[in-house]
Amino acid sequence: GSMVFAWMAMGMTVLIPWLVGQAVNAVQDSDQTQLFWMVGAILVAAVLRLVLTVIRRIVAGRVSLAVEFDLRQEVYAHLMSLELGFFDRNQTGQLMSRATVDLQSIRFFLGYGLIFFSQSILTVLLAGVVMFVINPWLALIALAPAPLIVITALRYTRQSRPAMQEVAQRVAELTAQAEESVAGIRVVKAFAREDHQFERFQGAVDRLFDQSIRSTRIQAFFTPLIGALPQIGTALVLLVGGHEVLNGSLDLGQFTAFYTYMLMLAGPLRTVGMALGMGQRAIAAGNRLFEVLDREPRLTSRPDAIPLPEGGGAVSFDSVSLRYGPEAPEALLDIDLDVPAGSRLALVGPSGSGKTSLAALIARLYDPTEGEVSIDGTDLRDLEIPSLRHGIAYVSDDSFLFSDTIANNISYARADATPGEIERAARLAQASEFIEALPDGYETVVGERGLTLSGGQRQRVAIARALLANPRILILDDATSSLDATTEQQIRAGLAEAMAGRTTFVIGHRLSTISLADECVLMDEGRIIDRGTIAELTDRSSLFRELTGGSGDEPLFVPEDEEVLA
């Protein structure tokens, strides 16, 4: 529709020079009536062109914004559908650049570049037809530079596309650098590395500047050249056409109209160069954008997947191995583990032993390279992913909170939770006291990633969020690592209550943490090397004693005994 209005507007533009030529002939013939009619027709054509151009701009703007609107939502929805491994391998800033800067390049081309290009081509075609009607020989002379213009435009396209692609990549690198610096500002400040970060950012700016200069040089050479080539035809028309007017073989009105058409061609031909530049930027941006959109999710529910069946949450690992990439080492190797429904199991091991990887497989954040993980007898790959994850609550040592109210952060796992349920979960997590002391209580908005709260406060809010979900399986991955001993002692009573009747995995090293479990699994280098109670492992494993700092004589936490808590 936008192009139709553009073509109609260009029809009026092409009509005006012919009317001017008729008006000149009317003046030459002293035909006042004809002159008035031509002037009136010129005014009508000009008004129609104005109205059609305004409509075209409104329609084109709406279409381009609508395309950007749709693409932005599609990109976001697609990113949300991709597996965790995709985000492990791609910088956040790179993805943000594709979802913002690259989308704008596409919108500008659709809203302006594509329309200008089609208008320009149509203008050249219509003007060329009229020029041939007026004087075929003169039209051939006027359009003689056209092949040179086409060849130049094609060379410009070939050279500018890779240059524009590199500019888009440098913009993404700059965005990623800025995002990383802002996200890690606490580390930057803590180590007084502001100057170092500025130098890194300056390096990214320099690379973008250098690549932009290369792209600008290409554009600076070809765009004026494309605009200058038509002047050859103009000079030839003035020479040949002026000679024919002097000889009387061409009347002055026709020559005026012809020359006006020649001047009219200069603008569209320059616009072609500009539109080609916008097109190259849009193509480069589109290539980068569709690299994301064309990336199929590698962890999805099967078409015949079923909801998580009823059960108590029994978890089984059958000859499970996990590798995060083709060249990566084995994170887990030949894991066989059966965890009965309702039991509480602690995973203990040195850093990199595979504890978190094993827990991530339960929530199907990754798929095992080999073997099978099942819940209540059903392979996780046969389950609907949303149904599976609604039955699992995961609390990691990195307690991420959204920039929202504390109440909304706690109810994130259950949007339909009542205020009473939110407060109960907070009490179990020993978070209610500090929340109620805040100026707006549960309606207090925490900063980005929850950084306006302390690490221990964030962990307690994250634990409350997990408890509110009322999951079948609860995973606590160093979930109390930021808590002091007193708060941890208090929170364990709430955790013990929350664990009752549900399968729980506790990852940690403190005896006070793992004593919440009935049994421990000791891991090292991606393997399970021992399993037993805390007392049994303390007796027979020097590695377990080294990790927990235990001798076997420490009193263990007994949730039913309030005197121990006291």
TODO: Enumerate the residue pairs fulfilling side-chain hydrogen bond (donor to acceptor under 3.5 Å, both in side chains) with a member in residues 34-48, sequence neighbours excluded, ordered by first and then second residue.
DONE: none
Open item on the list: Restricting to side chain to side chain donor-acceptor pair (under 3.5 Å), what partner residues turn up for Asp31, sequence neighbours left out?
Closed with: none
TODO: Provide the full list of salt bridge (charged side-chain N to carboxylate O under 4.0 Å, His left out) pairs with a residue in residues 297-306, sequence neighbours left out, each pair given once.
DONE: Arg302-Asp382
- [ ] Go through the structure and list residues passing side chain to side chain contact (heavy atoms under 4.5 Å, CB included) with Phe117, not counting sequence neighbours.
- [x] Ile121, Val272, Ala275, Leu276
Open item on the list: Just to verify, what does Asn470 make a side chain to side chain donor-acceptor pair (under 3.5 Å) with, not counting sequence neighbours?
Closed with: Arg502
- [ ] Please round to the nearest 0.5 Å and tell me the distance separating atom OG1 of Thr300 and atom CG of Leu82.
- [x] 11.0 Å
Open item on the list: Taking CZ in Phe69 as the centre, count heavy atoms belonging to other residues, nucleotides or ligands within less than 6.0 Å. Is the count above 12?
Closed with: no
Open item on the list: Is it the case that the side chains of Arg214 and Gln211 hold a donor-acceptor pair, with the cut-off being a distance below 3.5 Å and no angle test?
Closed with: yes
- [ ] With sequence neighbours left out, write down each residue that passes side chain to side chain contact (heavy atoms under 4.5 Å, CB included) with Gln159, or none if nothing qualifies.
- [x] Arg155, Ile218, Phe222
Open item on the list: His78: which residues meet the side chain to side chain donor-acceptor pair (under 3.5 Å) condition with it, sequence neighbours left out?
Closed with: none
TODO: Kindly indicate whether the side chain of Leu208, heavy atoms from C-beta on, has any atom under 4.5 Å from the side chain of Val167.
DONE: yes
Task: Donor-acceptor pair, side chain of Glu443 and main chain of Asp440, under 3.5 angstrom - done: no
Open item on the list: Are the side chains of Pro386 and Ser301 in contact, using a 4.5 Å heavy-atom criterion?
Closed with: yes
Can you give each donor-acceptor pair under 3.5 Å made by side-chain atoms of residues 285-295, sequence neighbours left out, with the distance rounded to 0.1 Å?
| unit_1 | atom_1 | unit_2 | atom_2 | d |
| --- | --- | --- | --- | --- |
| Asn287 | ND2 | Gln165 | OE1 | 3.4 |
| Asn287 | ND2 | Ile283 | O | 3.3 |
| Arg288 | NE | Asp102 | OD2 | 2.9 |
| Arg288 | NH1 | Gln169 | OE1 | 2.9 |
| Arg288 | NH2 | Asp102 | OD2 | 3.4 |
| Glu291 | OE1 | Arg98 | NH1 | 2.9 |
| Arg295 | NH1 | Glu83 | OE1 | 3.4 |
| Arg295 | NH1 | Glu83 | OE2 | 3.1 |
| Arg295 | NH2 | Glu83 | OE2 | 2.6 |

- [ ] Using a cut-off of 6.0 Å, state whether more than 12 heavy atoms not belonging to Gln32 lie near its atom CD.
- [x] no
Task: Residue pair Met3 / Trp7, side-chain heavy-atom distance below 4.5 Å - done: yes
Task: Enclosure of Arg62 CZ (heavy-atom neighbours >12, cutoff 6.0 Å) - done: no
TODO: Output all residues satisfying side chain to side chain donor-acceptor pair (under 3.5 Å) with Thr405, sequence neighbours left out; order by chain, then residue number.
DONE: Asn408
Open item on the list: Holding to side chain to side chain contact (heavy atoms under 4.5 Å, CB included), I want the full list of residues that pass it with Ile306, two or more places apart in sequence or in another chain.
Closed with: Thr378, Leu383
Open item on the list: Checking Asp367 now: which residues fulfil salt bridge (charged side-chain N to carboxylate O under 4.0 Å, His left out) with it, not counting sequence neighbours?
Closed with: Arg364
Task: Val54: partners by side chain to side chain contact (heavy atoms under 4.5 Å, CB included), with sequence neighbours left out - done: Leu50, Ile58
Task: Contact summary for Gly241 and Leu138, nearest pair of heavy atoms - done: N-CD1, 3.7 Å
Task: N/O donor-acceptor pair under 3.5 Å between Asp404 side chain and Asn409 backbone - done: no
- [ ] Would you name the heavy atoms of Ala426 and Ile435 that are closest together and state the gap between them?
- [x] CB-CD1, 4.2 Å
